[in-house]
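Notes to accompany the following structure.
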Amino acid sequence: MLKQEDNERLVRVGAGKPAGELFRRYWQPALLSSELIEPDGPPVRVRLLGEDLVAFRDTNGRVGLVEAYCAHRRAPLFFGRNEECGIRCTYHGWKFDVDGRCVDLPSEPAPSTLKDKVRITAYPTLERGGIVWTYMGPRDRMPAPPDYEWTRVPDTHRHVSKTFEQCNYLQALEGGLDTTHSSFLHNNKLGDTNALRQRDLAPTLEVEKTDYGYYYVSTRKAGADGSYVRVYHYVMPAQQMRGSVAGWSGRNELPSIHGHLWMPIDDEHTWVFNFVYGYDKSTPITPEAAEYSESFYGRGKDDLIPGTFRLKRNKDNDYLIDRAEQKTSTYTGIKGVNTQDYALQEGMGPIVDRSKEHLGTSDKAIIQMRQLLLEATHDVERGRAPKAADPASYRGVRPHDGLVPAGADWRDVLGGEIVAKW
Amino acid sequence: MLKQEDNERLVRVGAGKPAGELFRRYWQPALLSSELIEPDGPPVRVRLLGEDLVAFRDTNGRVGLVEAYCAHRRAPLFFGRNEECGIRCTYHGWKFDVDGRCVDLPSEPAPSTLKDKVRITAYPTLERGGIVWTYMGPRDRMPAPPDYEWTRVPDTHRHVSKTFEQCNYLQALEGGLDTTHSSFLHNNKLGDTNALRQRDLAPTLEVEKTDYGYYYVSTRKAGADGSYVRVYHYVMPAQQMRGSVAGWSGRNELPSIHGHLWMPIDDEHTWVFNFVYGYDKSTPITPEAAEYSESFYGRGKDDLIPGTFRLKRNKDNDYLIDRAEQKTSTYTGIKGVNTQDYALQEGMGPIVDRSKEHLGTSDKAIIQMRQLLLEATHDVERGRAPKAADPASYRGVRPHDGLVPAGADWRDVLGGEIVAKW
Amino acid sequence: MLKQEDNERLVRVGAGKPAGELFRRYWQPALLSSELIEPDGPPVRVRLLGEDLVAFRDTNGRVGLVEAYCAHRRAPLFFGRNEECGIRCTYHGWKFDVDGRCVDLPSEPAPSTLKDKVRITAYPTLERGGIVWTYMGPRDRMPAPPDYEWTRVPDTHRHVSKTFEQCNYLQALEGGLDTTHSSFLHNNKLGDTNALRQRDLAPTLEVEKTDYGYYYVSTRKAGADGSYVRVYHYVMPAQQMRGSVAGWSGRNELPSIHGHLWMPIDDEHTWVFNFVYGYDKSTPITPEAAEYSESFYGRGKDDLIPGTFRLKRNKDNDYLIDRAEQKTSTYTGIKGVNTQDYALQEGMGPIVDRSKEHLGTSDKAIIQMRQLLLEATHDVERGRAPKAADPASYRGVRPHDGLVPAGADWRDVLGGEIVAKW
């Protein structure tokens, strides 16, 4: 349960709003590098934190991320010409470089100096881990570049993707930090009580706060196998890294590590960036393995509306729920693990009214995340750097999961695995 | 003409609004029983009076009508599992029975008592006449179950259906209480001046107030046949029963009685429940007769968008009006008697501005209905039961129509017919 | 740049708003005469200045333009019967003539006098130049009928059309008064530096205020050919007449004169009326020439969504931009000169925030137009007739363009051509 006032504080992401300003203090994922393949290729519309932007890769391969409208008379730069180190408005040929400087203004007779006075908003960008990152906050507060373990592995050992979600980021992030629901929502084999997540439906949670947010340890009784333990990391403001090596019964997957970042498009829409990377150097993520994983989560090549990042199984068609299958075979009757997530998260409506909730002990991690975010909004208001702005805080971590024999401490068994190895 | 202030008082149906509270003092039609065929079948989304609900038929055949979101973190129960006497949220397995009690909460470790503290809103339901009825008001004000004649006849002698209308309930109800328009809008044979409703376009109206609302008597001159008289009942807040046995020229229909109930979905959308029932025991409503009637009204099997209650001929396609047919053959060029109604009623816009009206004597019944509704909203505000809450007020009535010879009193000729016989 | 307050003053067109009242002081184009071909034919929905209207051609060929809803209970007259000199509501048969008088009211019993008290809003209309014009302001301020040169030429020498634009009228009008962009946006042959508009990308502008608004003269250096000069007329409040005889390189067109009128549908949608007419008596506009011109501008028969005035290449499909073509062949990769305009104008969003602009000397004509409109709104508020209300102010003008040898004054060379000859 959250007071309406605190809920508002967390869900509004526009400029000047508490959470909006918080998100603007981090390097954030703007789009996939693969959306801007070639230099001087087509510009791409990008909407982030309620701002309409245009991204383009210039002649030298640098990525520009600029406001969507020309400084002159507000014509849309999306229709612009991306050429010779800048994007040129097709209305009167005004041209801007990746830094937002006007570098050509051919419609004014010489000796006009208008060019020197004109700029458009341009956010700094950098590319790491297959992602174009941007920083949309005050320049004097700009942190060092993002440095997650998954951004350091070679491209051969990582796969990233992006999906569109039709709701506020917070209810999506909450789903991502919630281990318990995977025993229900993601139960894709009804009656299989031997699966690790089915042996105990009510895990206990311990949350440890850190400089980057927290990690939490969920423990499920696993009978003769002892306990099934998962370690999640929450990296502020909106990243999850989860242990899922041992968890999926019947799944023949390479040892790999998974996670998501949620990036608000605006108050009611979210980009979900998904990553998977190799557990160790002997675990490349081949194209086949990547597609297997994407498809398992419901966002494989055949699962997306062509030319978009939107699922074919979506809110408009009730995720193609199959009620017969729900009776006999899977918990939801909906195909795709993340599609199941979206059905629940989007089905809550655009923004959850958290004053109507009833939380339990299994919601500990979510409660803690909200508190951290609330504190961080106050930090920003007081002029302090929020947690996790400094990459040193999180660069050494990775998540994990595995079995812990009865009587053993999870730290002794799995502790060595929750340390970054790349 | 209605003052803007009174119009607002009548058209807003959300909780806390005058008309919203009035509607909440009656048993109201929520959905068709046939939408919930089998126990433990798929849940159905229901929106009533601005509230999002989910209906399900439990293992014992009881119908639950509960709020659409789980008490835990507001996940949508529509995607829930309907099983073993309750609906189970697919997020964390919380389960609720038809009374809204949480009967299982498997995601919390023992010995949690959270289950006992958790409830969701559940409205009482009952089934009569092929309809699931619900009462959404304060429990201590709940009236006795609905008891219309059409709900008492055996299933073999009744047919009910439901259609979606894209406007406020009041302009739809007004159309339903208006006999005069049937001489114009529903004139489906131009030039047939012998049809009873074409012989006199300006009926006179007498309205008699009753404990359930009113009945009114419309009289059209019918030449050598005397007068054509129709008796309508208005049962508050939004039911019409109409005499239509003799009225349709060229129509070869069994003697039967018809009517509608209008149930606000929200301020701008309405469910129309339609009923037809046998005039007497020798008049079963066979499936063929039912489909003939539905089709005549424009809502037969081929007239609906599959899987919905929306007409194929609808606002988005101008009801497929055929202007050539309008010139030569029917008054509107639109097929289907109720489709004609919807064209006019929806074409007024979502909510009519009644301050711009010019009413005549033919609008007597409508004027009276508005006054009764306004009075009833005041009754509710003063803590009184509104008219028609008590089924004793209306259980004995039925509508009728027929010819009355010149010089005779309609009461002598038709009076015996406006009494319920089932 | 425009203060937010002045921008609001110019962009809002509803009744009672400054620009809305200004537009209501002129005869305005309502629809094409060809939309109402036959007497007693189907009525047409028309929305103008935020008002919902219905147009119909009565039995005698007169055009009625009346409010969209019946005076009785606000049923939509669009579904009405257009017959015997009036439009008849299909709800209860009330009938109104082109002057808004109720001429039949059959639903009331004699001797009702209700008919005499009932009227609906009806705006006066007249037809000139293939257009139905209307005047929506106070009757005592109604100006003389429109009298543009293009409305005077015989039908054989004129072609008019209409297109739907999905943005506020002002950004569309600004595009229409802007000559400079044609050197960029409409450059449909990259690399052709010999084309008159490509030889000089930064024309100089002189604006001369007149009683009807202004004319302006743009001058582009044309090398050995001297200068390329275009004379535009801005006829208030929203008409452009442009010189385009000599301008299009490689185009084999008859000498003809072109222009547009922008008529606000509401704040966020606009009708664009397009005209072309013969330069002189020997220049008829044949159907082939008309279709050639329409097609060149992107609004030919194959360019419109059938049954509408909306382009197939529109905002929803990014105007079918072809990025490869944009690289190699045309400035935009978008087909159709006016489609290019719409891409930019609609792409600005529904209403431009002009407080974020940066204007140059090439925007002189636009700046002057805004000032004239602002002054005219104040004229109306002070009870004065705005400029251009009197047709005498503009009846003698026409636009032109052509080459002016070095050292010559454009007036000496082209002056004789900017005078109406019809």
Side-chain angles (χ1 to χ4, degrees), chain A residues 1-2 167 170-171 174-175 178-187 190 198 200-205 219-221 315 317-319 321-324 326-327 330-334 339-349 351-364 366-367, chain B residues 35-45 47 51-52 54 56-57 59 66-84 87-96 100-102 104-121 307-308:
Chain A
M1 205 225 121
L2 210 53
C167 64
L170 189 60
Q171 61 214 62
E174 289 171 351
D178 175 57
T179 183
T180 311
H181 78 272
S182 67
S183 298
F184 301 92
L185 187 69
H186 304 318
N187 178 356
L190 292 177
Q198 303 315 121
D200 182 357
L201 303 177
T204 55
L205 266 64
T219 304
R220 282 175 173 87
K221 296 185 205 96
K315 191 173 182 176
N317 55 28
D318 286 338
Y319 311 90
I321 188 170
D322 180 328
R323 294 288 188 179
Q326 187 180 26
K327 278 285 173 208
T330 70
Y331 206 75
T332 55
I334 294 170
T339 315
Q340 294 159 1
D341 290 317
Y342 289 12
L344 278 278
Q345 294 163 10
E346 297 178 336
M348 293 167 171
I351 300 178
V352 170
D353 177 357
R354 292 179 175 77
S355 70
K356 295 182 173 170
E357 291 176 334
H358 294 82
L359 301 181
T361 64
S362 66
D363 299 304
K364 249 187 218 171
I366 286 160
I367 294 165
Chain B
E35 292 180 72
L36 296 172
I37 300 176
E38 34 171 5
D40 293 340
V44 172
R45 283 192 191 94
R47 184 169 162 85
E51 298 185 30
D52 287 317
V54 166
F56 63 100
R57 189 180 294 278
T59 315
V66 299
E67 64 178 305
Y69 304 103
C70 180
H72 180 205
R73 294 217 316 264
R74 311 296 293 162
L77 290 174
F78 172 73
F79 295 114
R81 302 176 60 80
N82 182 12
E83 57 187 16
E84 290 162 34
I87 190 162
R88 192 184 281 284
C89 180
T90 43
Y91 210 2
H92 300 90
W94 294 24
K95 185 174 167 182
F96 302 90
R101 273 188 298 260
C102 186
D104 194 20
L105 200 158
S107 62
E108 285 293 302
S112 169
T113 60
L114 183 58
K115 176 163 78 78
D116 306 327
K117 296 171 208 152
V118 169
R119 287 192 77 94
I120 55 176
T121 299
T308 78

Step through the shown structure and confirm whether more than 12 heavy atoms of other residues, nucleotides or ligands are within 6.0 Å of NZ on A:Lys221.
no

Picking from B:Pro76, B:Gly93, B:Ser112, B:Ala68, which has the most non-hydrogen pairs under 4.5 angstrom with chain A?
B:Pro76

Sequence neighbours left out, what passes side-chain hydrogen bond (donor to acceptor under 3.5 Å, both in side chains) with B:Glu108? Give chain and number order.
A:Thr361, A:Ser362

With a 4.5 Å cut-off on side-chain heavy atoms, are B:Leu77 and B:Val66 touching?
yes

Shorter than 4.5 Å, heavy atoms on both sides: which option in A:Thr180, A:Asp363, A:Asp341 has the most such pairs with chain B?
A:Asp363

Tell me, side chain or backbone of B:Tyr69 under 4.5 Å from chain A's heavy atoms, or both, or neither?
side chain

Please name all residues satisfying salt bridge (charged side-chain N to carboxylate O under 4.0 Å, His left out) with A:Glu346, sequence neighbours left out, ordered by chain then number.
none

Heavy-atom contact with chain B under 4.5 Å, split by part of A:Thr179:
neither

Of B:Tyr91, B:Trp94, B:Phe96, which is the lone residue that meets ring pair (Phe, Tyr, Trp, His ring centres under 6.0 Å) with B:His72?
B:Trp94

With a 4.5 angstrom heavy-atom cut-off, is it the side chain or the backbone of A:Gln345 that approaches chain B, or both, or neither?
side chain

Given A:Asp318 and B:Arg45, is the salt bridge (Lys or Arg N to Asp or Glu O under 4.0 Å) satisfied, shown in steps?
CA-CA 11 Å; A:Asp318 286 338; B:Arg45 283 192 191 94; 2.7 Å; yes

Most contact-rich option vs chain A, by heavy-atom pairs under 4.5 angstrom, among B:Glu83, B:Lys117, B:Arg81, is B:Arg81

For the interface with chain B, which of A:Asp200, A:Asp178, A:Val352 has the highest count of heavy-atom pairs at distances below 4.5 Å?
A:Asp178

Where on A:Leu359 is there a heavy atom nearer than 4.5 Å to chain B: the side chain, the backbone, both, or neither?
both

Using the salt bridge (charged side-chain N to carboxylate O under 4.0 Å, His left out) criterion, which residues pair with A:Arg220? Sequence neighbours excluded.
none

Side chains of B:Arg88 and B:Pro106: closer than 4.5 Å at any heavy-atom pair?
yes

Can you say whether A:Asp353 sits under 4.5 Å from chain B via the side chain, the backbone, both, or neither, judging by heavy atoms?
backbone

Ignoring hydrogens, what is the shortest heavy-atom contact between B:Pro109 and A:Pro203? Give both atom names and the distance.
CG-O, 4.2 Å

Mark yes when over 12 heavy atoms from residues, nucleotides or ligands other than A:Lys327 sit less than 6.0 Å from its NZ; otherwise mark no.
yes

Using a 4.5 Å heavy-atom cutoff, which residues in residues 36-43 of chain B come close to chain A?
B:Asp40, B:Pro42, B:Pro43

